[in-house]
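Chain naming here is simple, since letters A, B, ... match the order of the sequence lines and numbering starts at 1 in each. Note: hydrogens, waters and symmetry copies are ignored here, and every other heavy atom, side chains too, is used. Not measured: the values here are computed from a predicted model.
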Number of protein chains: 2
Amino acid sequence: MALEHAILVSLLEKPGSGYELARRFERSIGYFWTASHQQIYRVLGRMEADGRLVVREVEQQGRPDKKEYSVAGPGRGALADWLHKPIEPESLRHDLAVKIRGAAFDDPAALIREVERHRQAHRDRLAHYLAGEARDFTGPEAPAPPDAGQELQHVVLRGGIAYERMTIAWLDDVLDTLHRLTGRAPGPAV
Amino acid sequence: MALEHAILVSLLEKPGSGYELARRFERSIGYFWTASHQQIYRVLGRMEADGRLVVREVEQQGRPDKKEYSVAGPGRGALADWLHKPIEPESLRHDLAVKIRGAAFDDPAALIREVERHRQAHRDRLAHYLAGEARDFTGPEAPAPPDAGQELQHVVLRGGIAYERMTIAWLDDVLDTLHRLTGRAPGPAV
DNA sequence: TCCTTCTATGCAACTCGTTGCATAGACAAG
DNA sequence: CTTGTCTATGCAACGAGTTGCATAGAAGGA
């Protein structure tokens with residue numbers, strides 16, 4: 001149930017509504033965890049019922065009212081418990097790799113466009129991460145000296161950057177392989 | 001439902017029982033997709049009911065009988081459909097990153113052991129992958145020249161190797177950061 | 001006026017994935 | 001002869017995650 005913990009961390013960094021959390025999960029938190037708004041609202045409701053969060057109705061001008069959540073004592077305790085408990089090193093779930101291996105039973109050439117599309121998506125993400133890094137950590141606007149929270153956010157972001165760079169390089173390798181196979185043996189190869 | 005497709009690919013590479021598939025998902029297929037035996041048996045049953053797989057009872061000596069599954073025409077068609085349909089670039093789900101960011105609200109030093117443990121697990125996986133690569137692709141026993149299927153399996157494995165190397169380097173970065181924070185500001189830092 | 005977009009919250013139904021448990025044949029060690 | 005291990009299959013219950021739909025206030029444009 002790591003979504004709960006990701007929400008606790010995000011709300012400790014800054015209280016917010018379900019809608020705001022959903023947007024954070026599209027950017028900074030989204031570097032390492034994703035969630036849809038339906039999931040977030042459901043979990044927020046449960047955590048509030050369990051006493052891990054407190055909610056405050058906030059009236060707004062020019063917008064619908066919102067419910068701002070923040071972390072209660074038991075929520076902080078639950079997060080601390082989880083932080084002190086070992087977790088299993090996660091395993092990959094990589095659809096594209098399944099496709100690549102499946103291409104042996106279809107037309108490898110047909111996969112080239114798909115791989116190029118993914119490569120572009122990763123290039124876009126990398127650019128986005130680098131822009132965020134410059135804005136928040138390495139640029140002239142960045143706070144100096146950073147506190148522990150910022151150091152930790154930065155090292156997580158560096159992980160995202162390393163991941164995207166590695167993935168782009170690997171997709172280049174995949175494209176080379178597909179071109180080689182296509183040149184050598186056009187059409188289905190089984 | 002990529003598990004279905006991963007099973008189809010694996011059974012096209014070589015027919016097998018649920019038990020055998022579960023073991024493959026602990027090794028070669030497991031480089032990029034994981035599944036427990038319960039999940040596999042359930043999906044195998046459904047796919048057989050849907051006519052995507054055919055099953056054959058095989059009597060064995062010195063072992064319980066097994067059910068050997070292989071891919072039927074409709075299964076191959078379903079795989080081809082999926083291969084030709086674009087998929088979304090996957091997003092990460094990285095528990096450890098949640099913990100690292102959460103450490104700002106706890107004791108960063110307490111995380112060092114956990115990160116070291118993960119680092120060791122990734123080193124072990126890397127060694128395992130490299131051994132597999134030498135055995136199947138780059139060593140003297142490897143088939144030469146490889147066919148398309150082997151080329152594609154190899155490039156996927158190279159992706160796993162690149163991922164592990166990247167992750168180990170990143171975890172070193174994380175450890176440096178945690179040591180720096182611990183030396184500078186022992187105890188909780190919020 | 002209607003349409004769209006953005007903010008904001010939520011339900012219902014379904015599939016996917018995990019956890020715990022159960023069964024059972026074959027074989028080896030003690 | 002019991003215990004443990006490996007092979008082999010499976011159910012039941014639950015929690016996690018996705019998809020589709022619904023509602024509603026505020027703002028801006030056609």
Side-chain angles (χ1 to χ4, degrees), chain A residues 1-7 15-27 29-30 32-50 52-53 55-69 78 82 85 87-95 98, chain B residues 1-7 15-27 29-30 32-50 53 55-69 78 82 85 87-88 90-95 98:
Chain A
M1 213 182 309
L3 176 56
E4 270 197 27
H5 306 119
I7 287 176
S17 68
Y19 187 81
E20 285 161 354
L21 278 172
R23 287 201 305 179
R24 289 185 211 172
F25 274 88
E26 286 168 7
R27 29 189 322 283
I29 304 284
F32 52 89
W33 204 267
T34 54
S36 60
H37 78 271
Q38 290 88 345
Q39 230 182 313
I40 290 166
Y41 282 121
R42 196 201 299 159
V43 173
L44 282 175
R46 190 181 61 209
M47 290 170 80
E48 200 260 321
D50 293 350
R52 298 183 178 190
L53 301 179
V55 63
R56 190 169 65 92
E57 288 274 345
V58 177
E59 289 177 32
Q60 299 186 113
Q61 285 108 21
R63 304 176 165 197
D65 297 351
K66 67 174 181 179
K67 297 183 181 176
E68 193 186 73
Y69 291 89
W82 178 71
K85 207 174 59 188
I87 53 174
E88 284 304 300
E90 83 298 340
S91 31
L92 286 177
R93 289 278 168 102
H94 207 314
D95 301 67
V98 179
Chain B
M1 211 182 308
L3 177 55
E4 269 196 27
H5 306 118
I7 286 176
S17 67
Y19 187 82
E20 285 160 354
L21 278 173
R23 287 201 304 179
R24 290 185 211 172
F25 275 89
E26 286 168 6
R27 31 189 319 285
I29 304 283
F32 51 89
W33 204 267
T34 53
S36 60
H37 78 270
Q38 290 89 343
Q39 231 181 312
I40 291 167
Y41 282 120
R42 197 201 301 160
V43 173
L44 282 175
R46 190 182 61 210
M47 289 170 81
E48 199 260 323
D50 293 349
L53 301 179
V55 64
R56 192 169 64 92
E57 289 273 347
V58 178
E59 290 177 32
Q60 299 186 112
Q61 285 108 21
R63 305 175 164 196
D65 297 349
K66 66 174 181 178
K67 296 183 181 177
E68 193 186 73
Y69 291 89
W82 178 70
K85 208 175 56 185
I87 52 174
E88 284 303 300
E90 83 298 339
S91 32
L92 287 177
R93 290 277 168 102
H94 207 313
D95 301 66
V98 179

F25(B) side, atom CZ; Q39(B) side, atom CD - distance, nearest 0.5 Å: 8.5 Å
For nucleotides 16-21 of chain C, which of its nitrogen or oxygen atoms have a protein nitrogen or oxygen under 3.5 Å away, and what is each distance?
{"unit_1": "dC16(C)", "atom_1": "OP2", "unit_2": "R46(B)", "atom_2": "NH1", "d": "3.2"}
{"unit_1": "dG17(C)", "atom_1": "OP1", "unit_2": "R93(A)", "atom_2": "NH1", "d": "3.0"}
{"unit_1": "dG17(C)", "atom_1": "OP2", "unit_2": "Q39(B)", "atom_2": "NE2", "d": "3.0"}
{"unit_1": "dG17(C)", "atom_1": "O5'", "unit_2": "Q39(B)", "atom_2": "NE2", "d": "3.4"}
{"unit_1": "dG17(C)", "atom_1": "N7", "unit_2": "R42(B)", "atom_2": "NH1", "d": "3.2"}
{"unit_1": "dT18(C)", "atom_1": "OP2", "unit_2": "Q39(B)", "atom_2": "OE1", "d": "3.1"}
{"unit_1": "dT18(C)", "atom_1": "O4", "unit_2": "R42(B)", "atom_2": "NH2", "d": "2.6"}
{"unit_1": "dG20(C)", "atom_1": "O6", "unit_2": "Q38(B)", "atom_2": "NE2", "d": "3.2"}

Contacts of type side-chain hydrogen bond (donor to acceptor under 3.5 Å, both in side chains), residue E26(A), not counting sequence neighbours: none
Gap separating the CD1 atom of I87(B) from the CG atom of D95(A), nearest 0.5 angstrom: 4.5 Å
Spacing between I40(A) atom CD1 and dT9(C) atom P, to the nearest angstrom: 11 Å
Short side-chain N/O contact from Y41(A) to OP1 or OP2 of dG10(C), under 4.0 Å: no
Partners meeting side-chain hydrogen bond (donor to acceptor under 3.5 Å, both in side chains) with K66(B) (sequence neighbours left out): E20(B)
side-chain hydrogen bond (donor to acceptor under 3.5 Å, both in side chains) involving R56(B) - partner list, sequence neighbours excluded: E68(B)
Between P of dG10(D) and CG of L44(B), the distance in whole Å: 9 Å
Show me the donor-acceptor pairs within less than 3.5 Å that the side chains of residues 41-48 of chain A make with the rest of the protein, sequence neighbours left out.
{"unit_1": "Y41(A)", "atom_1": "OH", "unit_2": "Y19(A)", "atom_2": "N", "d": "3.4"}
{"unit_1": "R46(A)", "atom_1": "NH2", "unit_2": "E4(A)", "atom_2": "OE2", "d": "3.0"}

Interatomic distance where CD belongs to E57(A) and C1' belongs to dG25(D) [whole Å]: 14 Å
Rounded interatomic separation in angstrom, taking CG from L21(A) and C1' from dA8(C): 13 Å
Hey, what are the protein-to-nucleotides 23-25 of chain C N/O distances that come in under 3.5 Å?
none

Donor-acceptor contact below 3.5 Å, side chain R93(B) vs main chain T34(A): yes
Nearest-angstrom distance from the residue atom CD of E59(B) to P of dA8(D): 14 Å
dT9(D) OP1/OP2 closer than 4.0 Å to side-chain N/O of Y19(B): no
Rounded distance (nearest 0.5 Å) linking atom OG of S17(B) with atom CD1 of I40(B): 10.0 Å
Donor-acceptor pair, side chain of R24(B) and main chain of G30(B), under 3.5 angstrom: no
Interatomic distance where CD belongs to E20(A) and C1' belongs to dT9(C) [whole Å]: 13 Å
Distance, rounded to the nearest Å, where Y69(A) contributes OH and dA8(C) contributes P: 13 Å
Separation of atom CD in Q61(A) from atom P in dT7(C), rounded to whole Å: 17 Å
